[in-house]
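Shown next, in structure tokens, is the structure this report addresses.
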Amino acid sequence: MSDGPRPAAPDPAPAHVAIIMDGNGRWAQMRGLPRQEGHRRGLEALRRTVRNAADLGIRVLTLYSFSTENWRRPMAEVSFLLGLLRRFVENDLAELNEAGVRVRIIGSREDLAPDLRGLVERAETMTQDNAGLTLVVAFNYGSRDEITRMARNLARDVVAGRLVPEAIDEEMLASRLDTAALPDPDLVIRTSGETRISNFLLWQAAYAEFVFTPVLWPDFDRKALEDALAEFHRRERRYGGVGQAAEAKVGVA
Ligand code: IPE
Ligand code: IPE
Ligand code: MG
């Protein structure tokens, strides 16, 4: 047995990691395959990432799977993506439940087909008491849509006399978003080299760290996730303050 210094405890994983899973189409295109094949492989990356996130101690994992703007894609691709989600919930729900995963879906449900809506509700109800990883699937999600729906609800309450405008504060707004009761994301990862937010968690990511990786989503693996976490740990979060180094200096002055 060695008496040498013990390795430092690893940094705790960020509590909430959100991922913009991008690059399925390009992954397929590079291989001369149809875009659908990229989406199929993207679903495998999603499954892998859920396992890796739980294993690395992440408490909440949010995955952007379909945006309110993705309806602009060709109908065949939209149908394929909806079918994938349907199959994911149908096939994986029991296993996720067994692994203690709590599923939440954020996004607009109003215009979803009734069967899809039913599936989404079943996934949430079945797993609501689980204590493991919270898996938040952003589906038919757009931040502007989410904030617009929230504003409409607030206005309704004011008109109905249930709410006075003076009672509205940041906490109340946050509690009326789809992400109510979830912590804000600490880290937002986007794959495929794009460096934009594409209408994702605009309110919630106010102080998130962003990591952009060139890895295409179907290739996203354990190492890619660990690299993003390592990058996160090199950052200094200041929340508008002066940062730890400057604070220490002020302390000795
Ligand atoms: C991400 O991959 C999946 C969704 C947006 C649903 P893309 O389909 O956007 O892939 P690229 O960006 O065309 O490569
Ligand atoms: C963002 O990716 C949406 C999802 C990952 C679900 P997109 O591929 O739709 O984003 P843009 O169009 O390149 O901004
Ligand atoms: Mg894309």
Side-chain angles (χ1 to χ4, degrees), residues 16-50 52-53 60-92 103-109 111-113 116 119-120 123 135-149 177-179 182 185 187-205 208-221 224-225 228:
H16 184 172
V17 175
I19 309 183
I20 303 175
M21 310 182 288
D22 198 13
N24 294 351
R26 276 162 286 170
W27 184 94
Q29 206 169 17
M30 277 169 56
R31 289 162 176 78
L33 298 168
R35 289 177 61 85
Q36 299 188 346
E37 191 51 32
H39 293 315
R40 212 174 278 133
R41 295 293 288 261
L43 180 58
E44 284 172 30
L46 183 156
R47 292 193 171 108
R48 185 160 72 225
T49 303
V50 170
N52 287 333
V60 183
L61 175 69
T62 298
L63 299 174
Y64 201 6
S65 69
F66 191 89
S67 76
T68 44
E69 287 69 36
N70 286 146
W71 296 102
R72 293 179 187 154
R73 295 189 178 201
M75 210 169 71
E77 180 164 346
V78 168
S79 311
F80 186 81
L81 285 167
L82 298 184
L84 266 192
L85 179 88
R86 205 175 256 124
R87 258 180 294 152
F88 170 65
V89 179
E90 282 167 355
N91 297 342
D92 291 35
V103 180
R104 284 261 309 253
I105 317 280
I106 58 171
S108 177
R109 293 181 192 190
D111 32 304
L112 293 186
L116 194 54
L119 265 183
V120 158
L135 172 63
V136 184
V137 180
F139 181 78
N140 194 21
Y141 177 86
S143 254
R144 289 184 168 183
D145 171 70
E146 177 190 35
I147 292 169
T148 305
R149 284 186 281 112
L177 291 171
D178 295 350
T179 48
L182 292 169
L187 167 64
V188 176
I189 301 170
R190 182 167 187 150
T191 59
S192 88
E194 305 297 349
T195 49
R196 55 178 168 266
I197 194 162
S198 301
N199 206 8
F200 188 49
L201 303 178
L202 298 180
W203 169 282
Q204 297 87 339
E209 294 295 326
F210 284 79
V211 170
F212 299 102
T213 166
V215 173
L216 300 174
W217 177 250
D219 291 329
F220 195 82
D221 57 8
L225 179 58

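Order of listing sets the numbers, starting from 1, for every ligand and every atom in it. Along the sequence shown, residues are numbered consecutively beginning with 1.
Closest approach of P185 and A208 over heavy atoms only: O-CB, 3.4 Å.
A distance of 11.0 Å separates OG of S79 from CG of L84, quoted to the nearest 0.5 Å. Interatomic distance, CZ of R48 versus CZ of R41, reported as 8.0 Å (0.5 Å rounding). How far OG1 of T191 is from CZ of R26: 8.0 Å, rounded to the nearest 0.5 Å. One distance of note links OG1 of T62 with CG of L187; it measures 11.0 Å at 0.5 Å rounding. Rounded to the nearest 0.5 Å, atoms NE2 (H39) and CG (L46) are 13.0 Å apart.
Atom 6 (C) of ligand 2 has its closest protein heavy atom at Y64 O, 3.3 Å. What sits closest to atom 10 (O) of ligand 1 on the protein, heavy atoms only, is G25 N, 2.9 Å. For atom 2 (O) of ligand 1, the nearest protein heavy atom (residue, atom name, distance) is N24 N, 3.1 Å.
If you run side-chain hydrogen bond (donor to acceptor under 3.5 Å, both in side chains) between N199 and each of R144, E69, E146, only E69 comes through.
For the pair R196 and ligand 2, the shortest N or O to N or O distance falls below 3.5 Å. Close N/O approach between W27 and ligand 1 is not found [any backbone or side-chain N/O within under 3.5 Å].
Taking every non-hydrogen atom of R26 and a distance limit under 4.0 Å, the qualifying atoms of ligand 1 come out as 11 (P), 12 (O), 14 (O). Each of the atoms 3 (C), 8 (O) of ligand 1 lies under 4.0 Å from some heavy atom of H39. Of all the atoms in ligand 2, the ones that sit under 4.0 Å from a non-hydrogen atom of F66 are 6 (C).
Shown here are the protein N/O/S atoms lying under 2.8 Å from the Mg ion (ligand 3), water excluded: D22 OD1.
Of the listed residues (I20, N70, D22), the one carrying the non-hydrogen atom nearest atom 9 (O) of ligand 2 is N70. Residue R73 holds the heavy atom nearest to atom 5 (C) of ligand 1 of all those in R73, E194, M21.
Ligand 1 has at least one atom lying under 4.0 Å from a heavy atom of S65. Ligand 1 has no atom lying under 4.0 Å from any heavy atom of S192. Residue contacts with ligand 2 do not include R72, since none of its heavy atoms lies under 4.0 Å from the ligand.
By the side chain to side chain donor-acceptor pair (under 3.5 Å) test, R35 is found to be paired with E77, residues two or more places apart in sequence or in another chain being considered.
Contact annotation: for R35 versus ligand 1, heavy atoms closer than 4.0 Å belong to the side chain alone. Heavy atoms of F200 found under 4.0 angstrom from ligand 2: none, in either backbone or side chain.
In this structure a side-chain-to-backbone donor-acceptor pair under 3.5 Å is present from Y64 to S198. Between the side chain of R47 and the backbone N or O of L43, no donor-acceptor pair lies under 3.5 Å.
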(request) Please lay out, stage by stage, how R40 and E37 fare under the test salt bridge (Lys or Arg N to Asp or Glu O under 4.0 Å). (result) CA-CA 5 Å; R40 212 174 278 133; E37 191 51 32; 2.5 Å; yes
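In summary, the side chains of N70 and S67 do present a donor paired with an acceptor at a separation below 3.5 Å, with no hydrogens or angles considered.
Using a 30° and 60° split on the angle between ring planes, W71 and F66 fall in the perpendicular class, above 60°.
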